[in-house]
There are 2 protein chains.
Amino acid sequence: MGQRKSGHVTLHDVARACGYSVSTVSIVLSEAPLSQNVAASTRTQIREVAQRLGYHPDAYARSLRRRRSLTVGVLAYDLSDPFCIPIVQGIQSGLQPASYVPLLMDAQTQRKHFDSYLKLILERRAEGVIVIASWVFEETNLLADIEKNHVPIVILGRDLTRRKISSLLIDNETGGALALRHLIELGHRNIAVIRGPEEMFDSEPRWTGIRRQAAQSGIKFDPRLTFQLPGVLDPTSGFEGGRALARTMLDAGPPFTAVLAFDDLTALGVMRGMSEAGLRIPQDCSIVGFDDVLPAAVATPGITTVHQPLQQMGLLAAQWTLEAIEAHEGTATVHRHRAVPELVVRGSTGPPAKAPAQRKART
Amino acid sequence: MGQRKSGHVTLHDVARACGYSVSTVSIVLSEAPLSQNVAASTRTQIREVAQRLGYHPDAYARSLRRRRSLTVGVLAYDLSDPFCIPIVQGIQSGLQPASYVPLLMDAQTQRKHFDSYLKLILERRAEGVIVIASWVFEETNLLADIEKNHVPIVILGRDLTRRKISSLLIDNETGGALALRHLIELGHRNIAVIRGPEEMFDSEPRWTGIRRQAAQSGIKFDPRLTFQLPGVLDPTSGFEGGRALARTMLDAGPPFTAVLAFDDLTALGVMRGMSEAGLRIPQDCSIVGFDDVLPAAVATPGITTVHQPLQQMGLLAAQWTLEAIEAHEGTATVHRHRAVPELVVRGSTGPPAKAPAQRKART
DNA sequence: TCAAGTGGTTCAAACGTTTTAATCGCGGCA
DNA sequence: TGCCGCGATTAAAACGTTTGAACCACTTGA
């Protein structure tokens with residue numbers, strides 16, 4: 001057809017094809033206020049031609065001129081962690097009504113990706129940035145660049161309010177306490193604990209909450225039954241870690257009737273490990289997880305866990321971002337919110353066995 | 001500082017700050033061939049100032065001028081389906097080396113999103129489009145628009161080669177046959193089957209493969225043990241469907257020793273349902289899934305399933321796209337590939353029980 | 001008759017880059 | 001002396017839009 005060098009149909013093409021000027025066509029197709037002055041016949045004609053040629057406005061040219069990208073960068077540390085998905089969906093639905101679009105980037109737990117995607121988001125002139133950071137996220141100096149360019153940031157999973165960055169957190173302490181309390185209320189006293197890896201921000205506060213609750217209930221943890229996951233590479237390593245630790249704790253001595261796992265994948269790993277050792281869940285040993293991700297919900301028995309309102313958190317993050325964009329240069333308030341966790345009781349927990357957990361069969 | 005109306009630092013700002021012209025600065029910062037002619041001292045000075053001001057080139061202006069966006073649109077039908085994630089990761093790693101960036105959109109199984117995101121991808125001048133379509137994907141006329149604008153498309157999960165669109169498929173027939181054969185080899189004869197919902201493209205060929213294998217092995221399915229999942233809303237509905245059907249099949253008569261489920265989530269649902277009825281997996285009933293998604297791998301027992309090389313498929317899709325972009329207007333070959341499925345045997349299958357499955361306890 | 005609308009349409013400048021062609025001072029060469 | 005080449009830098013046009021201001025041919029009110 002009448003295509004030019006570039007493969008795309010432009011305003012020019014449409015203008016030429018219907019005999020009007022570029023301006024008129026633009027006014028009509030972008031439904032500018034002025035389009036009321038354009039004769040109705042002209043309007044329909046232009047629209048018709050545009051449709052026929054398959055015209056779509058060039059977002060680059062448009063954003064350049066309008067100086068708005070209607071884009072919010074979303075940087076997730078790893079999409080293959082089921083934890084991220086509901087958050088992203090929440091963000092998406094929060095952005096929707098303002099007709100903003102997420103520019104979604106998956107860092108795949110690699111620092112270099114993290115940096116380059118942050119740069120990319122900046123170059124694409126996202127009007128705001130939302131970072132989902134459960135780890136990897138060390139204070140890049142790119143953050144400084146983002147601030148220099150006056151792009152508002154919201155961070156999920158980490159408190160950076162002291163750096164004037166709105167932060168959205170899970171109340172890990174309360175969550176940890178909640179999980180432990182549940183076990184205690186069921187009657188468990190000898191409880192094995194698996195702490196998260198050092199690199200994760202969630203590990204420490206969760207452990208703090210657990211100890212707080214333990215102290216409050218007059219419970220002591222046997223150090224021989226307190227473990228720590230090694231550094232994480234990918235989300236499934238939590239599973240393998242839990243599985244391995246299950247054997248360790250069965251082999252290495254002291255009796256216990258329940259396991260408090262760092263997160264759901266770890267809990268699932270423990271469940272597998274226990275099962276391989278011939279134990280039944282929850283009759284021989286109760287297991288609690290954390291996060292309430294999909295695999296925990298659809299396992300059998302379902303994993304009792306601490307639910308986090310991930311979707312709402314995503315939504316809120318989106319709203320904060322939009323608000324900050326709106327405020328523009330103005331007084332962008334720095335928010336902080338701790339989402340309240342909720343215990344979800346499923347089949348993996350029950351009253352303690354009379355005889356404490358011990359290996360029943362060999363694999 | 002010396003900021004203008006727009007919050008962003010521009011080439012102009014840098015030029016003014018260091019006393020050189022915009023051209024020189026551009027040449028240096030974009031490392032154009034000409035930059036060899038620029039005095040070394042000038043170069044370092046410019047770089048230094050740019051760094052200090054936090055300059056990042058405007059992707060909009062740049063792409064507009066260069067007429068390249070270095071972007072490939074990726075439209076997933078639903079990111080919350082764990083099925084999508086490995087594909088997306090594959091795509092990402094396939095795009096990486098060519099320094100293309102995925103523009104990732106999640107249609108969330110909503111038709112309207114699908115359309116508007118496809119439009120958006122077009123407007124953002126993605127140089128190629130990859131569609132992950134297990135359903136919802138009816139022939140939008142937007143597809144025609146994409147073609148009019150000469151943007152190459154690759155589609156995953158559907159054969160559209162007759163419309164000259166490169167298509168990447170799972171060999172559902174072989175996969176279905178594989179799953180059934182496994183059960184037969186274990187000695188199962190009375191097998192319940194759960195077919196996929198009509199709306200999904202995978203349902204029919206998978207069922208065809210199953211019947212082919214059945215005929216070949218001289219097996220007949222009892223129509224009272226052949227079910228179909230109702231239309232799907234979200235990925236978890238497969239779970240609920242399976243759970244409900246487990247009860248149905250136990251209640252409604254004929255004996256069976258194994259269940260062939262449409263996909264992993266359904267299989268997990270069946271497992272839950274069976275367990276609630278007091279049956280043990282695999283002793284009392286074997287279960288096979290399809291897809292090999294994360295929840296199936298980390299459940300206990302692990303779900304025996306048909307693995308699909310999702311990541312490689314994503315990679316391949318990315319490579320095809322890049323190739324088509326490269327060819328540009330030229331002879332873009334239309335590819336078709338059927339990925340070969342592979343059986344993954346886990347704990348959910350075993351030899352048939354002496355006594356066929358039947359309800360043991362009430363919930 | 002003239003000024004002031006009015007409805008319909010267009011000019012032209014801008015947005016922030018990239019890139020081709022030009023500019024400029026200067027030493028060397030014939 | 002005039003010309004060339006050279007190294008360093010810059011002017012200006014283009015990419016596809018949007019938009020305030022202008023334009024034009026009318027009509028209308030005074």
Side-chain angles (χ1 to χ4, degrees), chain A residues 2-46 50 53-70 122-125 127 149, chain B residues 2-46 50 53-70 122-125 127 149:
Chain A
Q3 243 69 264
R4 324 255 301 263
K5 28 234 157 161
S6 154
H8 280 280
V9 183
T10 102
L11 222 39
H12 253 95
D13 298 325
V14 180
R16 193 148 14 86
C18 66
Y20 287 99
S21 78
V22 178
S23 320
T24 310
V25 176
S26 165
I27 288 167
V28 169
L29 292 181
S30 66
E31 284 168 8
L34 269 182
S35 69
Q36 293 168 328
N37 296 345
V38 177
S41 60
T42 315
R43 271 185 292 190
T44 52
Q45 191 199 340
I46 289 178
L53 295 185
Y55 169 79
H56 289 269
D58 184 320
Y60 288 93
R62 168 176 283 179
S63 296
L64 182 58
R65 171 66 224 227
R66 286 197 177 156
R67 318 167 93 162
R68 308 208 69 177
S69 63
L70 293 180
L122 203 50
E123 291 180 350
R124 300 249 164 162
R125 295 300 187 250
E127 298 177 43
N149 285 277
Chain B
Q3 243 68 264
R4 324 255 303 265
K5 29 232 157 163
S6 155
H8 280 280
V9 184
T10 100
L11 221 40
H12 253 95
D13 297 324
V14 180
R16 194 148 13 87
C18 67
Y20 287 98
S21 77
V22 179
S23 320
T24 311
V25 176
S26 165
I27 288 167
V28 169
L29 293 181
S30 66
E31 283 168 7
L34 269 182
S35 68
Q36 293 168 328
N37 298 345
V38 176
S41 60
T42 314
R43 271 184 294 191
T44 51
Q45 191 198 341
I46 289 178
L53 295 185
Y55 169 79
H56 288 269
D58 184 319
Y60 289 93
R62 167 175 283 180
S63 296
L64 182 58
R65 171 67 224 226
R66 286 197 176 156
R67 317 166 93 160
R68 307 209 68 177
S69 62
L70 292 181
L122 204 49
E123 291 180 351
R124 300 245 164 167
R125 294 303 187 248
E127 298 177 42
N149 286 276

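Values below: all heavy atoms of this structure, side chains included; hydrogens, waters and symmetry mates excluded. In the text below, chain A, chain B and the rest are named by the order of the sequence lines, each starting its count at 1.
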For the student: nearest non-hydrogen atoms of [X] and [Y], plus distance:
X      : Y     : answer
B:E127 : B:L70 : OE2-N, 2.6 Å
B:T10  : B:Y55 : C-CE1, 3.6 Å
B:R125 : A:V9  : NH2-O, 3.9 Å
A:H8   : A:D13 : O-OD2, 3.7 Å
B:S69  : B:S63 : CA-OG, 3.8 Å

Please give, in whole Å, the distance from [N] [atom2] to [X] [atom1]?
X      : N      : atom1 : atom2 : result
B:R125 : C:dT17 : CZ    : P     : 20 Å
A:L29  : D:dT17 : CG    : P     : 9 Å
A:R43  : C:dG7  : CZ    : P     : 13 Å
A:N37  : D:dA21 : CG    : P     : 15 Å
A:Y60  : D:dT18 : OH    : C1'   : 19 Å
B:D58  : D:dC15 : CG    : P     : 18 Å
B:D13  : C:dG16 : CG    : C1'   : 10 Å
A:I46  : C:dG8  : CD1   : P     : 13 Å

- Select one nucleotide: of D:dT17, C:dT9, D:dT9, the one nearest the side-chain heavy atoms of A:Y20. C:dT9
- Message: Using heavy-atom distances to pick each residue's nearest nucleotide on DNA chain D, tell me which of B:G19 and B:L64 is more 5'.
- Response: B:G19
Sequence neighbours excluded and cut-off under 3.5 Å, please list the side-chain donor-acceptor pairs for residues 23-37 of chain A, or say none.
unit_1	atom_1	unit_2	atom_2	d
A:T24	OG1	A:S21	OG	3.1
A:S30	OG	A:S26	O	2.8
A:S35	OG	A:A32	O	2.8

- Heavy atoms, side chains only, cut-off 4.5 Å: are A:V14 and A:Y20 in contact? no
For nucleotides 24-26 of chain D, list the nitrogen or oxygen atoms of the protein found under 3.5 Å from its nitrogen or oxygen atoms, one pair per line.
none

- Could you give the distance from CG (A:L64) to CZ (B:R65), rounded to the nearest 0.5 Å? 13.0 Å
- Query: If an axis is fit to five pairs at each end of the helix from C:dT1-D:dA30 to C:dA30-D:dT1, what is the angle between the two, to the nearest 10°?
  - Reply: 90°
- Note on the structure: B/S/- along nucleotides 18-26 of chain C (protein heavy atoms under 4.0 Å) is BBB------
- Task: Return the set of residues passing salt bridge (Lys or Arg N to Asp or Glu O under 4.0 Å) with B:R124 (not counting sequence neighbours), or none when no residue passes.
- Result: none
- Item | Check: B:S41 main-chain N/O paired with B:T44 side-chain donor or acceptor under 3.5 Å | yes
- Contacts of B:R66 that satisfy side chain to side chain donor-acceptor pair (under 3.5 Å) - sequence neighbours left out: none
- Query: Should A:S63 be listed as having a side-chain N or O under 4.0 Å from OP1 or OP2 of D:dT17?
  - Reply: no
